[in-house]
Amino acid sequence: MGRNMSGFMAGIFWTGSGLVARKGMGLVTVLMALRLMPPDQFGAYVLFEALLWLFLAFCDAGLSFSSIRAFAHEKGRLRRRRIMDNALILRLALAILAGAAAWLCRPLFAALFNSSPLENLIPLLPVLIVLMSVQELFSSFLLGMQREKAMARSYFMSSALGFGSAIVFIGLMHWEARGLVYASVCSSLAAIFFQSRQLRFFRRVRWDKKGMDDLWRFGFPLQINSILSYVFMRADSLLLGVLAGPVEAAYYGVATKVIDNARQIYEPFRLVYYPAISSLFVEKRMSQARNAMIVSLGFVAMTSLMGAVVLFLFQEQIVHFLLTKKYELSGPLLPLLALGLSAMLMNNVLGLTLTGMARPLDVLKINGVATVFNLVGNLIFIPLFGLIGAAAWNVLTHWISLPAYFACIYKAGFSEKVPSVENRAPSHSLCGVRIDPVGMAETLSRIQEYIERKEKKVVLTLNVHALVSAGKDEDLRKGLNTGDLNVPDGVPLLWASRFLSGPLKERVNGTDLLMRICGEAAKRKYRLFFLGAAPGVARKAADVLSHIYPGLPEIETFSPTFGFDLDKSENNEIVDRIKRTKPDILFLGLGFPRQEHWIWRNQSVLPPMVFINTGASFDFVSGKLRRAPSWMQRNGLEWLWRLFQEPRRLSARYFGDFFPFCQGVLAQFFRSSFVSE
């Protein structure tokens, strides 16, 4: 059977740790190089790196993917050893051929780029082609064998050696671009040494024709796809070097380096996702495979789009903090490339899913068309618009590929077995907190029943912040689960519930619920009490609602002083006032979680009524704060509107809640999906 949840999460942790070390030290090395070398030297390194990946694409042969898939089929140690032998022989042969081709192409590179620093680097190109080809293949072996911890160790040690080498070559010996290349050589040699020790390659390597044919048959379409992916992702850098020069390539390369390092947030998930999805398809666990694809798409979309917003808002600060003023032209490229990254990551998840379904030809066809489109567009846009043209076309090409991937997955029959929403059991728990699958109409109906039966009930409107806070506070989580009716006040909760195969019906927003209840109160003469908000705000909200709903009984309001709940005499005064008023519904706008704690401490001494937490609803109704346009509310963008209104108060909360919420949803998904069906 496939991996269980704990094994999957451990794989992500170790893979992520190794990649963070590798990319983190690589980023620090690049930042050091930016400050110590002129743009033409760094531009030469960017072009050298682009040429390196071009030749690596030609010697890939799809062996990384085909080996991992072969490991999913073959569990025997002897068969896995034979797969490794065959893959190593084939990869070495192709790498040596690619290195020889790179050596022969030196005059062509000199004529195309007209860069003397680049000419000095070209002799090192064949060496790195062979080393990095073997290193990447060894990493895929360790991943296929689900030995992520060993791979992480090799990344830690090789990255440390590469970083130390860079300090010597660039900082002390002042070798500039050549020093960066030598540091890469040292890092690759170290990685090969440590990984080969784990794989025990110091013995006779054997091969058989049938095993080689199996690897080549599956890997050949991926070989073509690897070349197309290279053209798709890196041709813009090479074309900038040819059409505009190494300096322009340096500006573009700086922006792509920042985006590439941001992509590493997703990389651990991707590396563990492919072996897992391959195993699920091999074992015919289709529902779990569907869930894995859906949650992965949501995860990469939310994280990358959030990153694009951050880069758009703070691009100037990021450029000045990470880079130097001489690279200011790279700033406007960052949010554009981040948008392209979002689509690229989603395309990658869908492409890995198709590959796991043994349909690499579909991926090849999509990438072929997209690559031609991208290449032609760059040839037109770069001469016309320069750096911005290259970045804008990068975004467009990635986004128009998404529908093609979805169409191929649908055609493959993957979506035919997806159960309808009506047939799926609703989820009653999200990140450990119960959420009732009710809509606005059912919520109003239940509140009406509570009032008519003169019952004491608590209705809680819950959002992402409430769920994340409950994950950190066990007592708060237990308290929220005692609510008589917990409704989802937040579109992210609806999205998460769909990923977890238990969709909630609709969002029950606290402000909308307040308005609808006031409409019913005008008809049924319910007595209401507003407790909370700044002085005068609750009163203003009550006046607004009385004007909107004629016939609404007079609403009692009280805006207590800050900390009243800790002052026993003031709290008792408020409780006595509520007792005298005897409202049918008590709305609390004291802020989370003060309002919830107040309910739990005082509901036992109050008469029967319905307690409802409303958050900032009084502020919205009174006009103190403006609500987001309806289209933003429907599409889950109300948080962005509120962030612009109250950036100081909400920025830390929103960004602090995002990743813990995603982590909680993913943990729940793996707990429910990566167990035997």
Side-chain angles (χ1 to χ4, degrees), residues 5 8-9 269 286-303 305-306 346 349 415 417-446 459-472 476-477 480-513 592 613 615 632-640 654 657-675 677:
M5 185 274 292
F8 198 92
M9 294 300 289
F269 190 89
M286 299 302 292
S287 66
Q288 291 160 314
R290 283 192 304 271
N291 288 341
M293 184 190 75
I294 291 170
V295 78
S296 298
L297 283 173
F299 174 71
V300 301
M302 286 190 291
T303 52
L305 288 174
M306 181 78 76
M346 288 187 280
V349 169
S415 62
K417 297 182 181 180
V418 178
S420 64
V421 171
E422 292 76 17
N423 293 331
R424 290 190 287 186
S427 172
H428 294 280
S429 178
L430 195 57
C431 300
V433 178
R434 194 191 85 252
I435 308 289
D436 295 303
V438 296
M440 180 65 76
E442 187 173 351
T443 300
L444 292 171
S445 176
R446 290 199 189 185
V459 178
L460 300 177
T461 59
L462 302 178
N463 55 19
V464 169
H465 182 58
L467 269 58
V468 171
S469 300
K472 302 174 182 176
L476 178 60
R477 183 180 63 80
L480 294 178
N481 282 321
T482 63
D484 297 289
L485 182 62
N486 293 349
V487 299
D489 182 5
V491 174
L493 272 61
L494 305 187
W495 293 340
S497 70
R498 291 168 189 163
F499 298 151
L500 296 172
S501 301
L504 298 168
K505 289 185 178 180
E506 64 176 318
R507 179 190 184 196
V508 183
N509 175 263
T511 305
D512 293 335
L513 180 62
F592 181 87
N613 63 337
M632 295 186 78
Q633 297 177 39
R634 289 194 304 270
N635 292 283
L637 296 175
E638 191 168 8
W639 65 271
L640 185 60
Y654 285 163
D657 289 346
F658 177 73
F659 288 106
F661 178 67
C662 291
Q663 181 182 3
V665 172
L666 287 171
Q668 184 172 339
F669 164 74
F670 292 131
R671 192 159 43 244
S672 62
S673 293
F674 283 84
V675 293
E677 287 186 305

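Nothing fancy with the numbering, it's 1 onward along the sequence.
- Leu493 CG to Cys431 SG: the interatomic distance, rounded to the nearest 0.5 Å, is 8.0 Å.
- A donor-acceptor contact shorter than 3.5 Å is absent between the side chain of Thr461 and the backbone of Asp489.
- At least one side-chain heavy atom of Met440 sits less than 4.5 Å from a side-chain heavy atom of Leu513.
- Using a 4.5 Å heavy-atom cutoff, the side chains of Phe592 and Leu476 are in contact.
- Side-chain contact between Asn481 and Val433 is present, with at least one heavy-atom pair separated by less than 4.5 Å.
- Here Glu506 contributes atom CD and Thr443 contributes atom OG1; the two are 7.5 Å apart, rounded to the nearest 0.5 Å.
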How far apart are the C-alpha atoms of Leu504 and Asp436, what are their side-chain angles, what is the distance that settles it, and do they pass the side-chain contact (heavy atoms from CB on, under 4.5 Å) test? CA-CA 8 Å; Leu504 298 168; Asp436 295 303; over 6 Å; no
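- For the side chain to side chain contact (heavy atoms under 4.5 Å, CB included) with Leu485, the qualifying choice from Arg446, Glu442, Arg434 is Arg446, the only one to do so.
- Side-chain atoms of Ser469 do not come within 3.5 Å of backbone N or O of Ala466 as any donor-acceptor pair.
- Considering every non-hydrogen atom in both Asn509 and Thr511, the closest pair reads OD1-N, 2.9 Å.
- Contact of the Asp484 side chain with the Val459 side chain is not registered, since no non-hydrogen atoms from C-beta on lie closer than 4.5 Å.
- At least one side-chain heavy atom of Leu467 sits less than 4.5 Å from a side-chain heavy atom of Leu462.
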